[in-house]
Amino acid sequence: MSYNFKEVERKWQEKWYREGTFNAKDDYTMKKWYGLIEFPYPSGQGLHVGHPRSYTALDIIARKKRMEGYNVLYPIGFDAFGLPAENYAIKNHVHPKITTENNINHFREQLKALGFSFDWSREVDTTDPDYYKWTQWIFIQLYKNGLAYKATMPINFCTGCKVGLANEEVVNGVCERCGSPVVQKEKSQWMLGITKYAQRLIDDLDDIDFLEKIKIQQRNWIGRSEGAEVNFKLTEGDDSLLIYTTRPDTIFGTTYMVVAPEHPLIEKYVDKITNLDEVKAYQGKAALKSDFERSEMNKDKTGVEIKGIKAINPLTNEEIPIWVSDYVLITYGTGAIMGVPAHDGRDFDFAKKFNLPIIPVIKPKGGEEPKELEEVLAEDGIAINSDFLNGLETKEAIQKAIEYIEENKLGERKVNYKLRDWVFSRQRYWGEPIPMVYCEDCGWNPIPEEELPLKLPEIQDYEPSENGESPLAKQIEWIKTKCPCCGKDARRETDTMPQWAGSSWYFLRYMDAHNDKELASKEAMEYWGPVDWYNGGMEHTTLHLLYSRFWHKFLYDIGVVPTKEPYQKRTSHGMILGSNGEKMSKSKGNVVNPDDVIKEFGADTFRVYEMFMGPFDQTAPWSVESIRGCGKFLDRVWNLQDILVDGDEYCPKHEKMMHKAIKKVSSDIEEMKFNTAVATFMTMINEFYKDKEINKAEYKTFLHLLNPFAPHMTEELYQMLGESKTIAETAWPKYDEAKTIDDEIEIPVQLNGKVKDVVKVAKDAEEAVVKAAVVASENVQKALEGKTVVKEIYVKGKIYNIVVK
RNA sequence: GCCGAUGUGGCGGAACUGGCAGACGCACACGACUCAAAAUCGUGCGGGAAACCAUGUGGGUUCGAGUCCCACCAUCGGCACCA
C-alpha cells in the first residue's frame, strides 16, 4: 500500500475544520494554554515559506498541550491594513478592500493546507470595522489620559510626487518611485506618549520570560542613561544653551559645543550669527538626510561653526565655539552637546577634522597623563586637569560634578531615555481613521464613543493630496462634521493610524472575538490572559513588541485588562533564506512558493522539513534535497506497517529506547529544539528497521510523538491500527525515568586530555572498578610506555584522565 | 556608527553544567535488486601512510576548551513611516 498524501491530508483537514476539532473551549474551569504567532500581513504574493516555520513550531506545542489536557487557544487572524495594498490600489485602481479580501481568502486556504490546529472560529481582521472600532476606542482612551497629543514632526516628503513617504520608500535620499529628491518636511502629527512608560517597560521585563537577547535589545532601545542637564551661558543675550551629558565629570575637557541642525538656537540668534548663509546651507543639506544616514560613521563628520556667538564653560568660564553638526540628533537629549574630544569617539573625530583643541581630563588608572592624544581615551580612570575633581575615580567624579552643578544652580541631575514618542499619524488612506474632530473654538476632541466605529469612507481616488495630506483630505463631505462639544461646524482628522495600531492589541480580541460590547469580556481576559507563549521574528523586538507592551500597560492602568504584561513568554524564529543563502526576493529569483512544496511533497513533509532544517532560532537556507530526505523519512514511517507485529507492551529490546525517546521529544518540543526531536524519530525508525520489527505498542507511541509534527499521516496510520479515537483525543505518552538510564556506561580514558580508549563499567561503578578496567586496557598500557604518571583524574560517570610526563 | 546575533566535514547541522567533536539528514562512492533506469535495501564517507592535525583568526585559563576569558576578522537582523 502506498501513501497518498493528497487524499489523506485533505481528508483530515476537512474533518478538523468541519468539526472544529481544535477550537478553544469556553470551559473556564480547565487549565489553559494560550499560544500566539504573529498574524500575517496578507500580501499579494501569498504565504511566504517563512510563515510556516513559526506557525508549525507553535502548532506542535499547541497539539502537545492539548494532549496533556490543556484548554488550548491557538488563534489566527490578519493584519490587513498597510502600505502595499494602498500602493497596489494607486497603481491598478482596485480598491484595497477588494485586494485585501482576495489576499485573505488565499492566505486562509494556504494555512488550512498546512494543517495548523488554529481556532478558525476566532479569526480577526484588523480592517473589519467591528475590529477597528476597538482600535479607535483605545486611541480615544489614550487621548483622554493625555497620552495622545499633536506635535510637529518631520516627515519624508518627495519633491516630485509631493507626498509623504515611508522610510522604506526612500532609497539613498531619493523617492523609490520617481527618483526625485526627498526632503524632511515639518508636519503636525498625532503622537503617543510611550516615553512616559519607559521605566516600567524596562522594569517589568524582570517578571516575564522573554529570551535574554530580546530583553537586552529592548532595554538598549529604551536606552536609559543617568547624567545631568547643564546650562552653558552664551556671550550674547541672557539665554543659555542646555546640554545633556552622561559624563559631567568631563566638563573641564569641553573645548566646543555642538547643536543639531534643527536646534532653535539658530533661529533665535539669526541677527547675531555672522555666517548665517553658511549655517543655513548646512541646515538645508542636513534636512535631506535621515537620522540613520547621519549617524553612519563611514561618512566623514561634517559641520559648520556658528560665528558671532560663543558659549561659556560654566566651570572654567572660558569662551568656547559653538558648532552645528548632524552627528548631534535633535531627537535625543536636548539636541545639543558639549564636545569632549579627549574622551568621546565621535567628538574626537570631529575635533581632529576641524582642528579643535583636545584636552585630556582623565588618565588611565596607574598610568601617566597622556601628552599628545593620538586616540580617544574612552575608559574610566582618574580625573586630571579638572580642579576640584582631580584625583577622583570616574564614578566618584561624576557624582561630585553633579553635586557641584546642582549646588551652584548650573543644571540638574537627569535621567534620559533614547526611546522617543511614537509618531502615530500616517498621511494614507488604508488605515484606521483617527477618531478626532477639530473645532475652531474647542480645538481637538474625540468623537463620542457611541459613534464608533468611525468607518473609513469608500473612495475611488487613493492618490495622496498635492500638499502631502492624506487622500482623505479630499473627501470634503466626510470631513465635515459637528463639534462634539459645542455642536458648531468642525472637521475630521484626515490622517490614519499606522499598521502597528491594530497589531498592538489583537491577542486580546482572540480571547472573545465576537464581543460587540467590549473589546473582550473581563471573564475571557481573566481566564486567557496573559498569552502563555508568543513566538515571532527578532525584527519585531523593538517596535511591535514594545508598542503592544505599552498599550497593554496603559489598558491595565485604566482597568481594562487584568495583567501588567501581555505576553508571559517570548521566543523567536530565524529567517528562512533562499538556497543561495540570500534573503528570498523576487529580484534574486530565489523565492520558494509554499503551494508548490505542498503539491510536490505534502504538508507533513513540509512541516517536518521546516522543523528539521536547523536550529529554530537561527537563519537557515532552503534546500530541495533536504525536503526530499524528509519525505523519505515519512515514507519509511508509513512502511513500518510491513514489519508491524502484535504487542501491548514495549518489547525488551526497545523499551529503553522508547522511554528515552518520550523524554527527549517532550523536552525538545518545550525547548524548541525541533531539529533534534526529528533526528530522534529518524534514529528510532533506523532501529526498528534494523531489528525488522516494531510492535503495536511501540508504533502507537511513535505515532503520538510524531503527531504534532506530521499530524495527517499519523492520524491516518493510527486509524488504520483500528483505534476508535484519534491521536488528538488521546493523551501524550508518559515515560519512566528509571527506564531511561543505561545499566552500563562507557568511560573514555584520556592521556593528557587525548582519548586513548573507552572502558565499559556498570552505571554506578566505584573509582577502583574503573581504575581496574583502565589498567586492563591494552591501548592505555601501550600509550603509557616510557611515560611517568603525574596525576590521575576521575570524574564519576564522565571521564578518566591520566596526566603523564 | 550603535544595538543584537552567528561562524564546526562537500552541504544543513549534533555535542547535557568544561569531559569520546561530527548524532541525524543531504550529497557522493561502491554493492544488492533490475534487460536497464528510477525507487528501495546494504556498506563506506573530516584530513593524514602514520604519529597526529582539525570547530573563523591570534592569544590565555584548565588535567581537559566547539563550550570560559581577552583581542581581532567575516556574515546576518534592527535602527523608530515595510511589517
Side-chain angles (χ1 to χ4, degrees), chain A residues 38 40-41 43 79 81-84 87 153 155-156 164-170 189 194 212-214 216-221 223 290-292 294-299 327 331 345-346 349 418-428 498-500 503 537-544 546-547 572 574-575 577 581-583 609 612-615 617-630 632-633 635-636 639 667 673 675-676 678-683 686 689 746-758 790-793 795 797-804:
Chain A
E38 287 165 348
Y41 170 72
S43 78
D79 189 14
F81 275 127
L83 201 55
N87 286 342
M153 292 297 292
I155 59 164
N156 301 309
L165 296 179
N167 282 352
E168 202 194 45
E169 298 174 295
V170 183
Q189 315 234 53
I194 188 172
E212 199 51 37
K213 61 178 174 183
I214 295 174
I216 291 169
Q217 226 168 304
Q218 287 208 345
R219 280 195 201 103
N220 289 339
W221 181 262
S290 65
D291 280 4
F292 175 40
R294 290 186 194 187
S295 54
E296 232 175 351
M297 265 302 276
N298 50 5
K299 294 194 181 79
Y327 85 94
T331 47
R346 293 156 302 180
D349 293 343
K418 282 204 187 103
L419 185 69
R420 315 205 284 256
D421 274 345
W422 177 2
V423 183
F424 200 68
S425 295
R426 299 290 183 273
Q427 292 72 48
R428 290 286 176 173
Q499 193 165 16
W500 308 113
S503 61
M538 273 311 279
E539 68 274 18
H540 293 286
T541 303
T542 52
L543 298 179
H544 160 66
L546 208 56
Y547 290 151
S572 81
M575 247 197 333
L577 305 173
E582 290 179 79
K583 202 170 169 173
Y609 169 63
F612 185 60
M613 67 195 305
D617 62 344
Q618 280 167 43
T619 54
W622 190 263
S623 158
V624 183
E625 288 76 25
S626 288
I627 298 193
R628 225 164 259 138
C630 291
K632 208 164 100 177
F633 159 68
D635 282 343
R636 278 160 68 82
N639 292 332
S667 64
K673 288 162 75 176
N675 52 334
T676 52
V678 174
T680 304
F681 296 134
M682 291 171 168
T683 310
N686 287 345
Y689 277 110
E746 293 187 335
I747 304 286
V749 184
Q750 298 181 329
L751 235 69
N752 291 346
K754 300 232 157 69
V755 178
K756 296 296 170 188
D757 202 359
V758 177
V790 179
K791 200 171 160 190
E792 288 175 63
I793 297 156
V795 181
K798 286 268 163 72
I799 198 101
Y800 197 97
N801 192 15
I802 306 170
V803 186
V804 295

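Here the structure is a predicted model, which means the values were calculated and not measured.
Residue A:Ile216 is classed as a sugar-phosphate contact, given heavy-atom separations below 4.0 Å to backbone atoms only. Counting non-hydrogen atoms under 4.0 angstrom, A:Glu212 reaches nothing in the nucleic acid. Using a 4.0 Å heavy-atom distance criterion, A:Asp79 is classed as a sugar-phosphate-only contact. Nucleic acid contact for A:Pro615: sugar-phosphate only, since backbone atoms but no base atoms lie under 4.0 Å from a heavy atom of the residue. The residue A:Glu792 sits apart from the nucleic acid: no heavy atom pair falls under 4.0 Å. Base contact: A:Leu419 has a heavy atom under 4.0 Å from a base atom. Nucleic acid contact for A:His544: none, since no nucleic acid atom lies under 4.0 Å from a heavy atom of the residue. A:Ile802 comes within 4.0 angstrom of nothing in the nucleic acid, heavy atoms only.
Nearest nucleotide to the side chain of A:Thr619, out of B:C76, B:G4, B:G78: B:C76. Looking at the side chain of A:Asn220, the nearest of the listed nucleotides B:G12, B:G78, B:C3 is B:C3.
B:G64 sits 15 Å from B:U17 when the C1' atoms are compared, rounded to a whole Å. Using C1' as the reference atom, B:A71 and B:C76 are 22 Å apart when rounded to the nearest Å. Using atom P as the reference point in both B:G18 and B:C82, the two lie 42 Å apart (nearest Å). Across the P atoms, B:A38 and B:A32 are found 14 Å apart, a figure rounded to whole Å. If you take atom P in B:C73 and the same atom in B:C11, they sit 25 Å apart, rounded to whole Å. For the P atom pair drawn from B:G9 and B:G22, the interatomic distance equals 14 Å after rounding to whole Å. Between B:G46 and B:C63, the distance separating the two C1' atoms is 27 Å to the nearest Å. Separating the C1' atom of B:G19 from that of B:A37 is a span of 50 Å, rounded to the nearest Å.
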List every contact pair, protein side and nucleotides 51-56 of chain B side both N or O, where the distance is under 3.5 Å.
| residue | atom | partner | partner atom | Å |
| --- | --- | --- | --- | --- |
| B:C52 | OP1 | A:Lys756 | NZ | 3.4 |

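Considering A:Phe81, A:Trp422, A:Phe424 in turn, A:Trp422 is the only one that fulfils the side-chain contact (heavy atoms from CB on, under 4.5 Å) rule with A:Trp500.
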Self-check item: Contact letters for nucleotides 16-26 of chain B, in which S counts primed atoms plus P, OP1 and OP2 and B counts the base, heavy atoms under 4.0 Å
Solution: ---BBS-BBSS

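Between A:Gln618 and A:Val803, the residue anchored closer to the 5' end of RNA chain B is A:Gln618, taking for each the nucleotide with the nearest heavy atom.
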Quiz item: How is the base pairing of RNA chain B summarised as a dot-bracket string, given the Watson-Crick and G-U wobble criteria with both distances under 3.5 Å, [ ] for crossing and | for another strand?
Solution: (((((((..(((......[....))).(((((.......))))).((....))..(((((..]....))))))))))))....

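The backbone N or O of A:Val624 sits nowhere less than 3.5 Å from a side-chain atom of A:Tyr609 that would complete a donor-acceptor pair.
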